[in-house]
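Worth saying up front: this structure is predicted, and the values here are computed from it rather than measured. Both ligands and their constituent atoms are indexed starting at 1 by order of listing.
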Amino acid sequence: MAIYVYTTEQMRALERAADAAGHSYAEMMEEAGAAVARVIHMLWPAEETRVVVLAGPGNNGGDGLVAARFLAQAGFSVTAFLWKRPEQDQQAEQARATGVAIFPAEEDLHRLQRAIERAHIVIDALLGTGLNRPIEGTLADILKIVQEEQKRSRQFDDAPLVWFTEDPSFSIKIPHRLSVVAVDIPTGINSDTGAVDPATVPADITITFAGPKVGQLLSPAATMQKAIIVADIGIPEAVKEASPAIAELVTPALAATLLPERSLLGHKGTFGRVLIIGGSVNYPGAPGLAAMAALRSGAGLITLGVPDLVAMALAPKQDLTNCTWLMLPHDLGALKPDAIKVLADEIPAYDALVLGPGLGQEEMTFAFVWALLGLRAHVAPRPSGIGFIKEHATPEPEAPTLPPTVIDADALNALAAFDEEWAPRLPPNHFVLTPHPGEMARLCGVEPSYVQANRLQLAQQKAQEWQQTVVLKGAYTIIAAPDGHVSVSPFATPVLATAGTGDVLAGLIGGLLAQGLAPYDAARLGVFLHGLAGRLLADEYETDRGVLATEVAQWLTHAISALANIAGE
Ligand SMILES: NC(=O)C1=CN([C@@H]2O[C@H](COP(=O)(O)OP(=O)(O)OC[C@H]3O[C@@H](n4cnc5c(N)ncnc54)[C@H](O)[C@@H]3O)[C@@H](O)[C@H]2O)[C@H](O)CC1
Ligand SMILES: [K+]
């Protein structure tokens, strides 16, 4: 079952279409509330748990009251406070009939405060996607009460950011006393832009309906939600497939379908050869990390094309004894255009290339990148002829035809530094560009803040303009295809925010390209496995800091195994 990411308008259209197809609004609300209750019941024991539901004027409040009813029926002790919602409201009446104590919030904030002080769970059902103005007055007062109590009680710091469907594959950490569970989105988050009202209370668990709203995945909203669970509210598959969405979420099920088949009769040639080109004196480790990841991806043969002194430093490293080496011409440890001569003969033997990790930003290295990509013929420095001796001009090698290639790190900076249009000169749908926001900003000639504020749209627009797959890294990494399709990674883990993890991702995608995946699919699967490895490591260490990029590379094998198990289910 595919999960899509929606704008607020797309979500409303989807609900309209579901309603028209016979799945009424009332049924959707019923399912939404039931899902919230189900998740809570899965994680907390009913008998000992006191729940306070804060219900607002719209459908979000309705969902909350449906959840209140199901929770009361399951044996939880439930109190609901209505804000701007009549007490005779249908959902409130039904909840009351099952034993939910209901009070108007406005009239007695002290009672509300006392209830929250004694509660284990606060359900935030005040506002959902209907937010349309700044939060003030009583609503701000209510949220302040929750926030203060949350601060007093919480152990929030290391809880990992996770994303999963209603069948949780990862642990959720429950803060010691008070947890905040948001219905659909935390109140105050703009579901389109990701803007956050200062009154917003961060949620430990957000249960979002049908699919994530795009704003949830953008900054700063992404930081206001820890675990996000996508709950099915019964919208028929056919309606979902026919309705527009802004992106697709890379779910475990989707990633599993992308795993390359493995023939029993395979040999190392079957599984593809990857050539990693990078490295410089200042960054000797980066190509090594890419190679480790390519090895772990299942590719058959990995070669590192690096300056010899980088090879000396890397060759003894444990995993890298499994690689072969290609020494490339360099000046003081920086690759130079002459490297093309060596590469021209070698490249036809490879199924994929990774270009960039650790290259450095020397002018001659950029010239090498341009020449390799066929952007500009390499002009050899003229030998200083003496006297009458005739210059013997060696013919310049043509830029070799490249296999599918990952362009990463300083190779992206080389593209950004190219003084003409590079995109039209590259064969279309042949490259995966893996910029982080800073590199993306340079490539697009905009500020990094602009990239972050427009992540999804910018990646989509540029992938189409450049006719290549773009992986815009960061929390909820975006993968955009040349044909306009966009996928979003479900992972937003700080584990991966450490030096070298980008090199690991580049090598991994390269390894998947070598196994025959198309650029967009290699990128989607690579980003997923990379995030999953980080997630598994965070669970293993029970912390989301201090994990090394080498470990992320090593754990790719665990990630692949976990995913293969999902695929086998
Ligand atoms: N996704 C689905 O298929 C389903 C979603 N459901 C839930 O419905 C909400 C959206 O409901 P809606 O009634 O449109 O909006 P809200 O409940 O968020 O509230 C709107 C309400 O609040 C007023 N308002 C907006 N901003 C403010 C503000 N800053 N201060 C005060 N008042 C404000 C506005 O004027 C309206 O009166 C969605 O999130 C889901 O939870 C369905 O229930 C199931 C199907
Ligand atoms: K909410």
* Residue pair Pro260 / Leu517: nearest heavy atoms and the distance that separates them -> CG-CG, 4.3 Å

* Protein heavy atom at shortest distance from atom 7 (C) of ligand 1 -> Asp63 OD2, 3.0 Å

* Asked: Can any side-chain N or O of Glu439 pair as donor or acceptor with the backbone N or O of His436 at less than 3.5 Å?
  -> yes

* Vertex the K ion (ligand 2), arms to Val183 O and Leu127 O, rounded to 10° -> 120°

* Please work out the angle at the K ion (ligand 2) defined by atom O of Ile185 on one side and atom OD1 of Asn60 on the other, rounded to 10°. => 140°

* Asked: How does Asn132 reach ligand 1, if at all, at less than 4.0 Å between non-hydrogen atoms: by side chain, backbone, both, or neither?
  -> both

* More than 12 heavy atoms of other residues, nucleotides or ligands under 6.0 Å from CZ of Arg12: is that the case? -> yes

* Can Glu465 and Lys462 be counted as an ion pair, charged N to O under 4.0 angstrom? -> yes

* Asked: Checking Gln468 side chain against Asn429 main chain: does a donor-acceptor pair fall under 3.5 Å?
  -> yes

* To do: Answer with side chain, backbone, both or neither: which part of Ala125 has a heavy atom less than 4.0 angstrom from an atom of ligand 1?
  => neither

* Under 4.0 Å from a heavy atom of Trp83: give me the atoms of ligand 1 that qualify, with their elements. => 31 (C), 32 (N)

* **ligand 1 versus Ile185: contacting region, heavy-atom distance under 4.0 Å** => neither

* What protein heavy atom is closest to atom 15 (O) of ligand 1, reported as residue, atom name and distance in Å? -> Gly130 CA, 3.3 Å

* Which residue and non-hydrogen atom of the protein lie closest to atom 32 (N) of ligand 1, and at what distance in Å? -> Arg133 NH2, 3.2 Å

* Asked: For atom 13 (O) of ligand 1, which candidate among Leu14, Val183, Val36, Asn59 provides the closest heavy atom?
  -> Asn59

* To do: Return yes or no for this condition: an N or O of Lys213 is under 3.5 Å from an N or O of ligand 1.
  => no

* Asked: Is there any N or O on Met11 that sits under 3.5 Å from an N or O of ligand 1?
  -> no

* **Side-chain (Gln216) to main-chain (Asp184) donor-acceptor, under 3.5 angstrom** => yes

* **Selected option - heavy-atom contact closest to atom 19 (O) of ligand 1, from Asp19, Leu127, Asp197** => Leu127

* Looking only at non-hydrogen atoms, which of Gly234, Gly137, Pro57, Gly211 approaches atom 37 (O) of ligand 1 most closely? -> Pro57

* Measure the spacing between CD of Glu241 and CD1 of Ile235 and express it to the nearest 0.5 Å. => 12.0 Å

* Can you sort out which atoms of ligand 1 are near Met28, meaning under 4.0 Å from one of its heavy atoms? => 44 (C), 45 (C)

* For atom 39 (O) of ligand 1, grab the closest protein heavy atom and report residue, atom and distance to one decimal in Å. => Asp184 OD2, 2.6 Å

* What protein heavy atom sits nearest atom 17 (O) of ligand 1, and how far away is it? -> Asn60 N, 3.0 Å

* Asked: To the nearest 0.5 Å, how far apart are OG in Ser219 and OH in Tyr476?
  -> 11.0 Å

* Top protein contact for atom 18 (O) of ligand 1, by heavy-atom distance -> Gly128 N, 2.6 Å

* To do: May I ask you to check if ligand 1 and Pro134 share an N or O to N or O distance below 3.5 Å?
  => yes

* Out of curiosity, is Gly56 lining ligand 1, as in a heavy atom under 4.0 Å away? -> no

* Going by an N to O cut-off under 4.0 Å, is there a salt bridge joining Asp521 and Arg524? -> yes

* To do: Look at atom 10 (C) of ligand 1 and say which protein heavy atom is nearest, naming residue and atom and giving the distance to 0.1 Å.
  => Thr129 OG1, 3.3 Å

* **Geometric class of the Phe76/His41 ring pair [parallel <30°, tilted 30-60°, perpendicular >60°]** => perpendicular

* Using atom types as modelled and distance alone, determine if a side-chain donor or acceptor of Arg455 lies under 3.5 Å from a backbone N or O of Lys473. => yes

* Asked: Taking atom CZ of Phe103 as the centre, does the number of heavy atoms from other residues, nucleotides or ligands within less than 6.0 Å exceed 12?
  -> yes

* Asked: Of all N/O/S atoms in Asp124, which lies nearest to the K ion (ligand 2)?
  -> O

* Between Glu15 and ligand 1, which part of the residue brings a heavy atom under 4.0 Å of the ligand: side chain, backbone, both or neither? -> side chain

* Asked: Are any of the side-chain nitrogens in Arg69 or Glu30 under 4.0 Å away from the carboxylate oxygens of its partner?
  -> yes

* Atoms in ligand 1 with a heavy atom of Ile233 nearer than 4.0 Å -> 2 (C), 3 (O), 4 (C), 45 (C)

* To do: Just say parallel, tilted or perpendicular for the rings of Trp555 and His558, cut-offs at 30° and 60°.
  => tilted

